[in-house]
Protein chains: 2
Amino acid sequence: MGKKVTISDIARRLDISPSTVSRALSGKPGVSDELRKKILSLAEKMDYIPNVAAKSLKTQKTKTIGLIISDIRNPFFLDVMHGVESVLFPRGYKFIVCSINENLEREAVYLNWLMEHGVEGILASPLTTVSGKHNGRLYKKIARLGIPVVFYDRLIQSVENFDSVVLDNETAIADGAFYLTRKGHKKIGICLARRGLYTIEERYKGFKKAVELLRIETKPEWIIEGKHPLDNSFEKLRKLFNSEERPTAIISTNHPMTRTILKAARACGLKIPEDISVLGFDDLIENELMSPPITTIRQPVMEIGRIATTLLLGRIDGEKGKPSSIKLKAELIERESVKTLMLP
Amino acid sequence: MGKKVTISDIARRLDISPSTVSRALSGKPGVSDELRKKILSLAEKMDYIPNVAAKSLKTQKTKTIGLIISDIRNPFFLDVMHGVESVLFPRGYKFIVCSINENLEREAVYLNWLMEHGVEGILASPLTTVSGKHNGRLYKKIARLGIPVVFYDRLIQSVENFDSVVLDNETAIADGAFYLTRKGHKKIGICLARRGLYTIEERYKGFKKAVELLRIETKPEWIIEGKHPLDNSFEKLRKLFNSEERPTAIISTNHPMTRTILKAARACGLKIPEDISVLGFDDLIENELMSPPITTIRQPVMEIGRIATTLLLGRIDGEKGKPSSIKLKAELIERESVKTLMLP
DNA sequence: TTGTACGCGTTATCAT
DNA sequence: ATGATAACGCGTACAA
């Protein structure tokens, strides 16, 4: 278990001062080319490994950011991480993944850890509970400390002055409803993955607007809510699917919810799209491979990750402009899970 | 942008020495209860945030580990991360995600970053290329420096004395082949996601053994290889599926490959399982939702993550015993993508 | 119980 | 171009 080589070790071996070695290693001017070469090659040979802790104690730079995600089991975040990484890696930045599991306390714990760790910035998809609670104060504190925060996917309504990159959720769902009506559907339900969340509430807004605008029928029983997509919303869906008064089409609001809808339909022996049309939300490759392939609202997930990260690195680099609020458009991928009831 | 509060700031306000504050804050003995309380509450009020960089410069502890994964787009890693996190979080550890995208250089870059960063340990699923190249020397160097490494999912054959947690890959595939023969299949093909990888080579071994043992027919054309599951293996599969001489069943070796098989079958108009039986590998929830639901070899992915992490934390805590080589069993989930050709 | 003094590895400032 | 020195924030051996 060899001790780690330090700058001073190198300096000693070359009988020069540590500061010269430091300058040479970090590519700063003030060292003759000849000496620099000698230092670099010796460092290489001695297996010198810079010590980020020491460096960051001095420079406040850790080349690390924090990534707050809501639930690591949601495949949504694979694409987010992919986007994040694609801009981080070339810049030499790493990221710490924090899955808060839709739990305010965990979010707070992680945020504190990230501060202690000295991350240079935070990418967050913050939680808002049904009762409207959130960690807004903590986020503000972080910002006050000079650590840039960019919200992606979700944001906290009452917490302003933060950069954000989110989907145009209202339009996404409203467009979905329009699509369904063009296909002849007049009785449409929706499954709200989890009340309180920014995304879900926005999507719900979009749904209500569309319903009103299109003068479509909907009923309270057709609005399925569920804290955890996998427990009670499944039962509610079964009940709905088994009732006489079920809608002809149902809209999902995220991928786990789409799964639940498909499971419930199967459990009730309903054929898609013959017995019920399903409009998914989010797009896994599997959507294409199902029978029938699932028509779905696709978010530009990687883009969200990429743009949020770019914004964050900008702030880290010292950009001072006022916060950007970026909204991206969703895309409706038409496949075969929606039946055409009647041509327009 | 308020400057960060330090231990000395607190000490000054209370007119005591920084060391006392340090002791109080880190719960060490040697401070009167009364004073400790005062310190703690003031620290709270002043928004004191410990500085991990400074602390770790002294203690060598960063409460952070590195997680090397092969490709962040593979849903396999959602479960791995979930398992990892479930044991890390309660212990106050964070992790840095490094997706090497099946690229040796990226792996090396990340490993160096992790060393510089001062991670206390590394969880790695290392790459081995078709030509047998790998970063074994680098891993050994890391171990020599006293940073524990645990291999999970994959390992490097020639690099011994490392803890590892992998699947019993040979048995997994062999059992799959047995299952297929019990279902009456005598012509079986396999899709090797990427030659060189420990997992894939082991799975291939299991296949070859089973073929020999069972005296089953197989042909070189039935062994599909592909570097990237999504490019040429798709074409090869199409060709195979369109030929007269196709096998009656095909075995996948990871989830992305299963996707490709399903796509190719669809593109060729083959019905599963009527025209071709498919035995998947790995198990997404979606496998259950497909039509037909996919029969598959399921790895205990979360368990792999959990056990590997437990091992790693053990090493970090100083456990000195000789390396554990843990092999977990796969489970065959029978659904409906395999046709019964003939009852035994 | 509390305080003093030093060092962890690095960089920045100032001097040479 | 190079070197000496201080400082980053914290923990700890030792002294009081």
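Chain A is the first sequence line, chain B the second, and so forth, proteins listed ahead of strands; every chain is numbered from 1. Since the structure is predicted, the reported quantities are computational estimates derived from the model, not experimental observations.
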Would you give me the side-chain donor-acceptor pairs under 3.5 Å for residues 30-40 of chain B, sequence neighbours excluded?
residue : atom : partner : partner atom : Å
B:Ser32 : OG   : B:Leu35 : N            : 3.3
B:Arg36 : NH1  : B:Ala24 : O            : 3.1
B:Arg36 : NH2  : B:Lys28 : O            : 2.6

Margin query: Please report the distance, rounded to the nearest Å, between CG in B:Leu14 and C1' in C:dT2.
Written below: 13 Å
Notebook entry, point to check: Expressed in angstrom and rounded to an integer, what is the separation of A:Ile10 atom CD1 from D:dG3 atom P?
Noted result: 14 Å
Checklist line | Pair B:Arg306 + B:Glu85: basic N to acidic O under 4.0 Å | finding: no
Checklist line | Partners meeting side-chain hydrogen bond (donor to acceptor under 3.5 Å, both in side chains) with B:Lys133 (sequence neighbours left out) | finding: none
Checklist line | Aromatic ring proximity, centroids under 6.0 angstrom, A:Phe151 and A:Tyr198 | finding: no
Checklist line | Integer-rounded Å distance: C:dC8 C1' and A:Asp9 CG | finding: 13 Å
Margin query: Quick test of your reading of the model: are B:Glu120 and B:Lys61 salt-bridged, counting only N-O distances below 4.0 Å?
Written below: yes
Notebook entry, point to check: Between atom CD1 in B:Ile16 and atom P in C:dT4, what is the gap in whole Å?
Noted result: 11 Å
Item checked: B/S/- contact track for nucleotides 8-16 of chain D, protein heavy atom under 4.0 Å -> BBBBBB---
Check: To the nearest angstrom, how far is B:Ile39 atom CD1 from C:dT1 atom C1'?
Finding: 11 Å
Checklist line | Close aromatic pair by centroid cut-off 6.0 Å: B:Trp113 and A:Tyr93 | finding: no
Next item on the list: Please name all residues satisfying side-chain hydrogen bond (donor to acceptor under 3.5 Å, both in side chains) with B:Asn135, sequence neighbours left out, ordered by chain then number.
Entry: B:Glu107
Checklist line | Results of side-chain hydrogen bond (donor to acceptor under 3.5 Å, both in side chains) for A:Lys141 - residues two or more places apart only | finding: B:Asp47
Next item on the list: Measure the angle between the two terminal helix axes of the helix from C:dT1-D:dA16 to C:dT16-D:dA1, five base pairs each, and quote it to 10°.
Entry: 40°
